[in-house]
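Heads up, the thing below is written out as structure tokens.
None of the values given here were measured: they were computed from a predicted structure.
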Amino acid sequence: MSGQVLEVEDLRVRLRTPRGPADVVNGLSYTVGPGETVAVVGESGSGKSVSVLALLGLLPARVATVTGRAVLQGEDLLTMKPERLRQVRGPGAGMVFQDPMTSLNPVLTVGRQLVEGIRAHGDVSKAAARRRAADLLGEVGLPDPERALDRYPHELSGGMRQRVVIAIALSNSPALLIADEATTALDVTVQAQIIDLIEGLQADRGTGVIWITHDLGVVAGIADRVLVMYGGRCVEDGTVDDVLERPAHPYTRGLLGALPDLAQPAVDGVVPDLATVPGTPPAPTDLPEGCVFWPRCPVRGDARCEHEQPPLVQIGSGPGLPHRAATWCTEEAP
Amino acid sequence: MFALVHLVPGDPVRLALGTRFSQESYDALRERSGLDQPLLEQFFGWAGRALSGDLGVSFRSGETVTSQIAERLPATLTLALASILVALVIAIPLGTISALRPRSIIDRIATVISQFGISVPDFWMGIVLILVFAGTLGWLPSGGYVPISEDPGAWLQRLLMPALVTGVVSGSVITRFVRSSVLEALGSDHVRTAQAKGLPTRQVFTWHVLRNALLPLVTVTGVQLAYLLSGVVVVEIVFSWPGLGQLALQAVQARDYPVLQGAILLFALVFLVINLVVDLLYTAIDPRIRR
Ligand SMILES: Nc1ncnc2c1ncn2[C@@H]1O[C@H](COP(=O)(O)OP(=O)(O)OP(=O)(O)O)[C@@H](O)[C@H]1O
Ligand SMILES: [Mg+2]
């Protein structure tokens with residue numbers, strides 16, 4: 001074993017759409033080590049959510065074809081027997097979904113939705129599961145957790161629902177936590193509380209975290225490494241310092257373009273967001289043959305950009321974790 | 001509604017008296033039934049009495065309308081409840097399986113069956129059943145009604161075919177609804193959350209798909225039940241089933257205003273009650289409606 005919590009290798013997802021096959025994830029490879037947090041950033045539609053849903057087999061089978069390898073604690077999730085996958089969902093990997101308004105079942109109480117997840121993975125009495133559920137709700141900062149157990153989702157605000165979804169994901173103390181925009185609906189204080197909670201879990205149990213976000217403040221605050229996705233590919237990854245301070249890919253530089261100084265505290269709770277890059281991302285049904293970013297690229301620094309896909313290769317030769325980028329324009333990197 | 005009944009051409013008094021009658025007896029009956037008074041007065045008189053439970057007396061038989069309706073009610077109730085049972089037994093599994101395997105062979109077959117059930121006239125289905133099961137095979141009587149208290153065996157034998165016909169028709173409609181609501185529930189985000197928790201497939205299906213698909217099912221079932229309770233005239237006639245549909249039809253033919261008005265009032269009442277029950281059920285199963 002490699003000692004990684006998760007090893008993703010050449011993950012590809014093709015979706016059947018009315019407009020033909022869409023290549024939404026195109027050869028993604030990365031690892032998440034114990035206690036490590038990998039932030040995944042990228043524009044809307046770059047395939048972030050699809051790539052993590054694919055890991056746990058949560059894409060509709062009739063539409064999605066997933067290939068590659070995704071080894072969680074020594075077992076490949078993509079070739080696992082359904083019953084084993086069911087056992088892994090929860091204790092192996094917990095997931096916080098992007099949309100808190102629709103991620104909970106409207107006709108079941110919050111308590112029930114937590115308890116059933118806890119009881120699916122062990123011989124736990126109803127009463128014990130309920131106690132654990134109340135504790136979890138307390139930990140994610142829900143006021144009056146005992147009463148919240150008997151509430152229905154519609155009786156809670158968006159932020160409260162998001163915390164319930166987080167509590168569900170954490171309820172089986174997963175080895176890997178996948179958080180898809182997990183704190184977007186939360187105010188800064190609650191967000192900080194959740195981040196503390198997860199960092200505690202990482203320190204105690206070595207939980208690996210994949211954190212999908214648009215929020216560069218969060219990236220700078222919690223991530224060990226950053227993976228920048230564009231057009232279903234990883235166009236750049238490396239340590240937070242490398243990627244945020246020495247971005248190599250023109251797309252990353254574009255995203256960071258309007259980034260305020262991270263040393264300055266956020267004003268009025270406003271946390272810096274990713275900048276917008278002019279133009280629109282390519283449609284996954286019709287990807288460019290060369291560099292995915294070429295149609296929007298302001299640099300186009302190489303003759304190969306238009307027709308040849310740049311591989312993801314290590315750049316620079318600094319010590320520590322590798323800094324990789326998929327671009328022909330590396331010479332401009334400072 | 002009242003006006004509509006009285007607009008039907010034809011004179012009830014004439015029809016009640018037969019072909020040979022004297023002017024005196026005609027006037028006498030007309031006066032007794034209040035038909036000589038202005039229409040508006042007739043209406044308020046009727047409405048006032050109806051409120052106190054008196055629906056008047058049938059022109060044709062001379063019995064009270066309430067007793068006539070009460071006599072027909074058990075047959076109609078029996079058939080309606082049996083039909084809705086048949087409908088649900090067909091629709092829930094068929095619609096669910098179709099939704100689980102959209103565009104599969106099973107789904108296509110289910111679509112054809114429900115299309116058939118919706119478009120084939122019920123009298124035709126009834127006649128075919130009678131020809132096969134009562135005629136050729138001789139397994140079942142071709143029609144009639146026996147109260148369950150008298151002879152449960154005979155009751156069931158006579159109930160089977162009409163319940164099957166109306167059940168298939170309602171069931172076809174409900175199948176469509178079940179299919180689309182299960183399909184919708186299957187695609188909702190919370191189902192993905194349930195799967196991600198590592199719940200067993202069966203639990204995901206029962207509590208996060210079916211439980212949610214149940215909500216629209218309650219409404220359609222209510223509508224179908226209201227329709228069945230208002231008497232399925234054609235099926236009642238084909239199977240000589242003495243229900244409210246037949247009563248209403250006979251009342252129309254005889255211009256028996258009191259009976260017709262009574263029946264229509266009852267249908268309206270049935271509709272209101274079922275709506276109320278559906279609303280109450282909804283409150284019970286959908287926490288979003290509770291306050
Ligand atoms: N079920 C689906 N069927 C067809 N296409 C889909 C489906 N789900 C996602 N897609 C497409 O896949 C692409 C990637 O979507 P994805 O949700 O992964 O983006 P994202 O990076 O998570 O964006 P966001 O930041 O908005 O969450 C998009 O083009 C989207 O339209
Ligand atoms: Mg997303």
inquiry  = Is it the case that atom OH in Y145(B) sees more than 12 heavy atoms from other parts of the structure closer than 6.0 Å?
reply    = yes
message = Looking at A194(B), is its backbone amide N or carbonyl O close enough to the side chain of N105(A) to form a donor-acceptor pair, meaning the two atoms are under 3.5 Å apart?
response = no
ask   = At their closest point, which heavy atom of G198(B) faces which heavy atom of R86(A), and how far apart are they?
value = O-NH1, 2.7 Å
query = Are more than 12 heavy atoms from other residues, nucleotides or ligands located less than 6.0 Å from atom CZ of R112(A)?
reply = yes
query = Should the heavy atoms of other residues, nucleotides or ligands under 6.0 Å from CZ of R16(A) be counted, would the total exceed 12?
reply = no
query = For K197(B), does its backbone N or O pair with a side-chain atom of R89(A) as donor and acceptor, under 3.5 Å?
reply = no
message = For F133(B), I'd like to know if atom CZ has over 12 heavy atoms of other residues, nucleotides or ligands within 6.0 Å.
response = no
query = Do P102(B) and R62(A) have side-chain heavy atoms sitting under 4.5 Å apart?
reply = yes
request  = Step through the shown structure and confirm whether more than 12 heavy atoms of other residues, nucleotides or ligands are within 6.0 Å of CD on E184(B).
outcome  = no
query = L56(A) versus chain B, heavy atoms under 4.5 Å apart: side chain, backbone, both or neither?
reply = neither
task = Give the minimum heavy-atom separation between P287(B) and P106(A), together with the two atoms involved.
result = CG-O, 3.4 Å
key: Contact leader toward chain B among L53(A), I118(A), T109(A), where contacts are heavy-atom pairs under 4.5 Å   = L53(A)
ask   = Within a strict 4.5 Å, meaning less than it, do heavy atoms of the H208(B) and L108(A) side chains meet?
value = yes
ask   = Quick check: are there more than 12 heavy atoms from other residues, nucleotides or ligands sitting under 6.0 Å from CD1 of I105(B)?
value = no
inquiry  = For Q87(A), which atoms come within 4.5 Å of any heavy atom of chain B: side chain, backbone, both, or neither?
reply    = neither
query = Taking all non-hydrogen atoms of both residues, which atom of A196(B) and which atom of L58(A) are closest, and how far apart?
reply = CB-CD1, 3.8 Å
query = Measuring heavy-atom distances to chain B, does Q98(A) have an atom under 4.5 Å in its side chain, in its backbone, in both, or in neither?
reply = neither
M95(A)/T193(B) under side-chain contact (heavy atoms from CB on, under 4.5 Å): CA gap, chis, key distance, verdict = CA-CA 8 Å; M95(A) 178 138 182; T193(B) 311; over 6 Å; no
Part of R119(A) lying under 4.5 Å from any heavy atom of chain B = neither
inquiry  = At a 4.5 Å cut-off on heavy atoms, which part of L215(B) comes close to chain A: side chain, backbone, both, or neither?
reply    = side chain
task = Name the option with the most non-hydrogen atom pairs under 4.5 Å to chain B; the candidates are T102(A), L85(A), V107(A), I178(A).
result = V107(A)
